[in-house]
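Reminder, nothing fancy here: chain letters follow the sequence lines and each chain counts from 1.
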Number of protein chains: 2
Amino acid sequence: MVNKKVIARLSSYRTALLRFHELGFVKVFSDTLAEAVGGTSAQVRKDFSLFGISGNKKGGYQTDNLIEKLQALLGKDRIQSVIIAGIGNIGTALLKYKAFEGEGIKIIAGFDIDPSKQNKKAKVPILPLEEMAAFVHENEIRIGIIAVPEVVAQPVCDAMVATGIQGILNFAPLVLRAKPDVVINNVNLQNELENVIYFVNALSKRIKSSPPNADITD
Amino acid sequence: MVNKKVIARLSSYRTALLRFHELGFVKVFSDTLAEAVGGTSAQVRKDFSLFGISGNKKGGYQTDNLIEKLQALLGKDRIQSVIIAGIGNIGTALLKYKAFEGEGIKIIAGFDIDPSKQNKKAKVPILPLEEMAAFVHENEIRIGIIAVPEVVAQPVCDAMVATGIQGILNFAPLVLRAKPDVVINNVNLQNELENVIYFVNALSKRIKSSPPNADITD
DNA sequence: TAGATTGTTAATCGATTAACAATC
DNA sequence: TAGATTGTTAATCGATTAACAATC
């Protein structure tokens, strides 16, 4: 059963492995990797076997080989070109986000209705929304980021899907709907912060009142 | 068992309910709410019962009463003051993020080592990191956001925890460690995008090759 | 009242972990 | 070889859903 959580762990393994590789580790054990990401060795092995990744019965896993396989699974073996709709606060931050560059993620164009934000000549051109379809076709883009205001997020999503985009990372604070063969990952910054707020409150209440309660899990 | 996922659903219920309230709904059924957030009615009722929220055996739930209870649980019944460390791309975006304002989340100060970013006189002052402890104490801040570069994220986290901050929303691309009574929510933008990339690839491969496979779940 | 909906228990489903045979 | 580690199966754990008695 491959779900979001498994893939998130794969990302974590990869990050840890890059560090191990940097440190000169030629091989790595499920145990070591588990400790690095805060999991169990059984889960590490299970996850790998799910993707047909195997190690050596005694010698663990070859670090570079393992990294390569994870890179391929996560699409890190080539540059991923994406577009972004909405050049506001979040959109601008993502456009300039350094960490994406080193990770093979390239935002190759932005789209916004506001003419004052448009700039066809910039290194990363900012274009009017109407040009999105043509751009997506011409550049064979499959993935888009939505960072527009809430009220226009669903129509912008519909427009993206209409161009043939297959995956969307959404920062607008609502759950976008699309046909089932489009992958949508909703990141809601308010909700993430609300989550922290809830558990901080719950924890401090617990200290004040009596019943100890270790129920807060992920 | 209260975990992150339950609280995330509470946030979703709240958003849906605000819309229903706007539309003039006085009461709402578990069924309606479930449909709005893409869940089941049983789960809605289960979630509520977990927090001692009850409705009427026939009449469903009172919309305004329900909203109020969720607000209180999610800390929306008062202004939540937070600070942010790292005034780079992400940090700046969050500082200006409109959606926070309307949601009772107030970033009341930023911290950065770069003197060119500091500005004690701004409406939201940007201060040197060394002043964080004093500021946190003076203003009784319990929640911080980390948006600093990866290499300094853990030390900044340690510094925050040392000031007494109890909850952290982390955007640096690594899993922060802290003592167990500190709540940490890691949001890794690269990983979120990697997730989309993986499923887009997996989906397109599936179309090309034969075995249909509905295994991609959340 | 009859019908509809809640609240909760029991059943199911899925994900994680423990355990151990295979084997390098 | 002896010891250690993988790969996988079975056991456990936890979360979701189905079902239904209570009841408005």
Is there a side-chain contact between B:S49 and the phosphate of C:dG7, meaning an N or O under 4.0 Å from OP1 or OP2? no
Mind checking what makes ring pair (Phe, Tyr, Trp, His ring centres under 6.0 Å) contact with A:F171, not counting sequence neighbours? none
Can you tell me the distance, in whole Å, between the [atom1] atom of [X] and the [atom2] atom of [N]?
X: A:K5; N: C:dG14; atom1: NZ; atom2: P; result: 14 Å
X: B:D47; N: D:dT16; atom1: CG; atom2: P; result: 8 Å
X: A:R9; N: C:dT16; atom1: CZ; atom2: C1'; result: 8 Å
X: B:F51; N: C:dT8; atom1: CZ; atom2: C1'; result: 17 Å
X: A:K4; N: C:dG14; atom1: NZ; atom2: C1'; result: 18 Å
X: B:K27; N: C:dT5; atom1: NZ; atom2: C1'; result: 10 Å
X: B:L50; N: C:dG7; atom1: CG; atom2: C1'; result: 12 Å
X: A:L33; N: D:dT5; atom1: CG; atom2: P; result: 14 Å

What does the list of N/O pairs under 3.5 Å between the protein and nucleotides 17-24 of chain C look like, with a distance for each?
{"unit_1": "C:dT17", "atom_1": "OP2", "unit_2": "A:T40", "atom_2": "OG1", "d": "3.3"}
{"unit_1": "C:dA19", "atom_1": "N6", "unit_2": "A:R45", "atom_2": "NH2", "d": "3.2"}

Which distance, rounded to the nearest 0.5 Å, do you find between the CD1 of A:I7 and the CG of B:N191?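 Reported to 0.5 Å precision, the distance equals 11.0 Å.
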Looking only at side-chain N and O atoms, does B:K98 offer a donor or acceptor that is under 3.5 Å from a partner on A:N89?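 Looking only at side-chain atoms, B:K98 and A:N89 do not form any donor-acceptor pair under 3.5 Å.
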What does [X] touch in the nucleic acid at a heavy-atom separation under 4.0 angstrom: a base, only the sugar-phosphate, or nothing?
X: A:F48; answer: nothing
X: A:S54; answer: sugar-phosphate
X: B:G59; answer: nothing

Shortest non-hydrogen contact between B:P173 and B:N188, atoms and distance: CA-ND2, 3.6 Å
Might you point out which heavy atoms bring A:A109 and A:F135 nearest each other, and give the distance in Å? CB-CZ, 3.4 Å
DNA chain C in dot-bracket form (Watson-Crick or G-U pairs under 3.5 Å, [ ] crossing, | inter-strand) is ..||||||||||||||||||||||
Short N-O contact, A:E101 and A:K106, less than 4.0 angstrom: no
Determine, for B:R14 against B:E103, whether the closest basic-nitrogen to carboxylate-oxygen distance falls under 4.0 angstrom.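 A salt bridge links B:R14 with B:E103.
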Checking side-chain contact (heavy atoms from CB on, under 4.5 Å) for the pair B:F51/B:K69: CA distance, chi angles, key distance, verdict? CA-CA 9 Å; B:F51 295 95; B:K69 288 198 171 135; over 6 Å; no
For the pair A:F20 and A:F25, name the ring-plane relationship: parallel under 30°, tilted 30 to 60°, perpendicular over 60°. tilted
